[in-house]
2 protein chains.
Amino acid sequence: MVYQTDMLNSACTVSLQELKKNCSNCNLKDLCMPVGLKPEELERLDKLVSLRRKLLKGEHLFRTGEHFNSLFAVKTGTFKTLVNNQDGSDQVIGFQMTGELLGLDGLGTGQHMCEAIALEDSEVCTIPYSRLDELAQEFHALQMHFHRIMSREIVKDQNAMLLLGSMRAEQRLSAFLLNLTERQKARGFSSREMVLRMTREEIGSYLGMKIETVSRTFSKLQKDQLIKIDQKNLTILNHTLLQNLATGKAH
Amino acid sequence: MVYQTDMLNSACTVSLQELKKNCSNCNLKDLCMPVGLKPEELERLDKLVSLRRKLLKGEHLFRTGEHFNSLFAVKTGTFKTLVNNQDGSDQVIGFQMTGELLGLDGLGTGQHMCEAIALEDSEVCTIPYSRLDELAQEFHALQMHFHRIMSREIVKDQNAMLLLGSMRAEQRLSAFLLNLTERQKARGFSSREMVLRMTREEIGSYLGMKIETVSRTFSKLQKDQLIKIDQKNLTILNHTLLQNLATGKAH
DNA sequence: CGTGTTATTGAGTAGCATCAATAATTGTGG
DNA sequence: CCACAATTATTGATGCTACTCAATAACACG
């Protein structure tokens, strides 16, 4: 819809040629898969990432147990990933923003080990794993980069374990908010203000606390003038103090 | 020291030829890096994994911030990995048994993001990353297998997040003990009895609870006849009930 | 054999969960 | 576009889990 040819002659500023490319002219290329690739390699990656998929808010990108075929890069929007507990309950284990990769969990067994749901209307680039693999075999830089991405995912999860295992509610929420705003900053947005795309319940699930505790902790941080939280609109009022809280350096 | 040539003529039962091999005749090859490799590929991997390193109990295999060069496969013994919190405290984020890989955290940044310490006198096989990478470029099966290993590491960490985020003390410890004994079983040992190589404090750090709570929970599980715990000697007395507890199916 | 570390158990308490009521917001169909 | 229902969020009162502090016991190491 958006990329109809007749639009190109009027308001739209991108050329038809550019539209055929995917990664090359993507504004996320410094965050996403193509990091550090040469033009030639980038062109090959373009062909691989030809399929885009749009998801409405609440829609599943994949579900637990589904056959793993592809990785997904978030083009626009936000996602949450959930693991299904054996007792039937779910837990949020991550939020994914633009440029971040989804589906790495499925590579080990060939089945997705978690589910991914769009938190707003979103778009993903589909990266068929078998073809990524071929290309990585050919281009060493892509190989290395893919390994680095997976390694960073591991480190990210280990930091989440740290948060869940040894922080108290106020500290968890502070660390979480700072993490979100830093990621916003890396995408060229303000690190002072942002819109939270997730509910209090989803935040609570991710941080291992109940929705009431999340709400109370938000109120506490606001009362202490560290943040302003109006619905989903967050403003960091005192970054230094919030960071002290998050890192346990608070008096 | 141990592999001096003159030892081979006396008590030692392995031949000189076998000693040159590493992975090929390793009894861990069904658990470790070589899984699913062809004989030719295995032989090439052998040359790569030539360096073994012995560590005494308490010794560091690597520290946070150290330059990342190699991955390590546990040949004998047990390790713990720790992340250093910004406030100076540490948290255990994993225990590694024979055949398990250490160091994947360092790949992303080129620096180790956690530290690894031997819980008993141990031995590791050193796998230089740059050479593993070359070999993986050549042998697709090794490439795929390495990706699967990393993916499983991610899933493992996500399950740890689940444990820390949504289980209570008794459930955490039950799940932990079952996880340990299952891994023992995969190595051909009894899944009913084992020696815990870590202290109560290390267990607590991993499970996000204080040492007193670990101790009390052990006592509770013993009182309920689910386990027998005598110092570090664990016996699973009622596997079914313990599993019900761990999976939240307990009445 | 003594000293430092590790483990157990008890008493009291803090922090978070639970239950509950209400308010605000979002989504839906007429 | 509005009214109603469903979802989401806030705040209070109360209870339980796990933490803290403390004392003692058991063990590991030189």
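What you see is a predicted model; the values in this text were computed from it and never measured. Every chain is numbered from 1, with letters handed out A, B, ... down the list of sequences.
One can place CG of Leu173(B) at 14 Å from C1' of dA7(C), the figure rounded to the nearest angstrom. One atom, CD of Glu201(A), and another, P of dA6(D), lie 17 Å apart when rounded to the nearest Å. One can place CD1 of Ile203(B) at 16 Å from P of dA18(D), the figure rounded to the nearest angstrom. Between Glu170(B) atom CD and dT17(D) atom C1' the separation is 12 Å, expressed in whole Å. Here dT26(C) presents its P atom at 14 Å from CG of Leu196(A), a figure rounded to the nearest Å. To the nearest angstrom, P of dT26(C) lies 10 Å from CG of Asn233(A). Summarising the geometry, the separation between CD1 on Ile211(A) and C1' on dC19(C) is reported as 14 Å, rounded to the nearest angstrom. Here the P atom of nucleotide dT26(C) and the NZ atom of Lys57(A) are 8 Å apart, to the nearest Å.
Scanning residues 221-232 of chain B for heavy-atom distances under 4.0 Å to DNA chain D yields Gln231(B). A heavy atom lying under 4.0 Å from DNA chain D marks none of the residues of residues 76-91 of chain A.
From Leu104(A), atom CG reaches atom CE of Met150(A) across 4.5 Å, with rounding to the nearest 0.5 Å. Between Glu66(B) atom CD and Cys114(B) atom SG the span is 11.0 Å, to the nearest 0.5 Å.
Distance alone, capped at 3.5 Å, places no donor-acceptor pair between the Asn233(B) side chain and the Val195(B) backbone.
By the salt bridge (Lys or Arg N to Asp or Glu O under 4.0 Å) test, Lys210(A) is found to be paired with no residue, residues two or more places apart in sequence or in another chain being considered. Considering only residues two or more places apart in sequence or on other chains, Ala116(B) meets the side chain to side chain contact (heavy atoms under 4.5 Å, CB included) condition with Leu61(B), Phe62(B), Thr81(B), Leu102(B). Remark: Asp224(B) pairs with Lys220(B) by the salt bridge (Lys or Arg N to Asp or Glu O under 4.0 Å) rule, at least two apart or across chains.
For residues 97-108 of chain A, every residue pair satisfying the salt bridge (charged side-chain N to carboxylate O under 4.0 Å, His left out) rule, not counting sequence neighbours, is listed here: Glu100(A)-Arg183(A), Glu100(A)-Arg187(A). Among residue pairs with one or both ends in residues 185-207 of chain A, those qualifying as ring-ring contact (aromatic ring centres under 6.0 Å, His included) are Phe95(A)-Tyr206(A), Phe176(A)-Tyr206(A); sequence neighbours excluded. Applying the ring-ring contact (aromatic ring centres under 6.0 Å, His included) test to residues at least two apart or on different chains, none of the pairs has a partner in residues 152-172 of chain B. Identified under the side-chain hydrogen bond (donor to acceptor under 3.5 Å, both in side chains) test for residues 154-164 of chain A, with sequence neighbours left out: none.
At a threshold of 4.5 Å between non-hydrogen side-chain atoms, the residues Met209(B) and Thr217(B) count as touching. A 4.5 Å side-chain heavy-atom check between Val155(B) and Thr109(A) finds every atom pair outside the cut-off.
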What donor-acceptor contacts under 3.5 angstrom involve side-chain atoms of residues 235-246 of chain B, with partners at least two apart or in another chain?
| unit_1 | atom_1 | unit_2 | atom_2 | d |
| --- | --- | --- | --- | --- |
| Asn238(B) | OD1 | Thr240(B) | N | 3.4 |
| Asn238(B) | OD1 | Leu241(B) | N | 3.1 |

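Heavy atoms of Gly204(A) sit nowhere under 4.0 angstrom from any nucleic acid atom. Contact annotation for Gly58(A): no contact, since no heavy-atom pair falls under 4.0 Å across all strands. No contact: Lys220(B) has no heavy atom under 4.0 Å from any strand.
Note on Thr213(B): every side-chain N or O is 4.0 Å or more away from OP1 and OP2 of dA18(D). The side chain of Lys210(B) places no N or O atom within less than 4.0 Å of a non-bridging phosphate oxygen (OP1 or OP2) of dC21(D). Regarding contacts with the backbone of dT7(D), every side-chain N or O of Thr199(A) stays at 4.0 angstrom or more from both OP1 and OP2.
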Under 3.5 Å between N/O atoms: give me all the protein pairs with nucleotides 22-24 of chain D, atom names plus distance.
none

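Listed nucleotides dA7(C), dG15(C), dA9(D) differ in distance to Arg168(A); the shortest reach to its side chain belongs to dG15(C).
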Check your understanding: Are Ser205(A) and Gln91(A) close enough, and set up right, to give a side chain to side chain contact (heavy atoms under 4.5 Å, CB included), and what steps lead you there?
Key -> CA-CA 6 Å; Ser205(A) 176; Gln91(A) 183 176 324; 3.7 Å; yes
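For the helix from dC1(C)-dG30(D) to dG30(C)-dC1(D), the axis fitted to the five pairs at one end and the axis fitted to the five pairs at the other end meet at an angle of 60° (nearest 10 degrees).
Other residues, nucleotides and ligands contribute only 12 or fewer heavy atoms inside 6.0 Å of the CD atom of Glu201(A).
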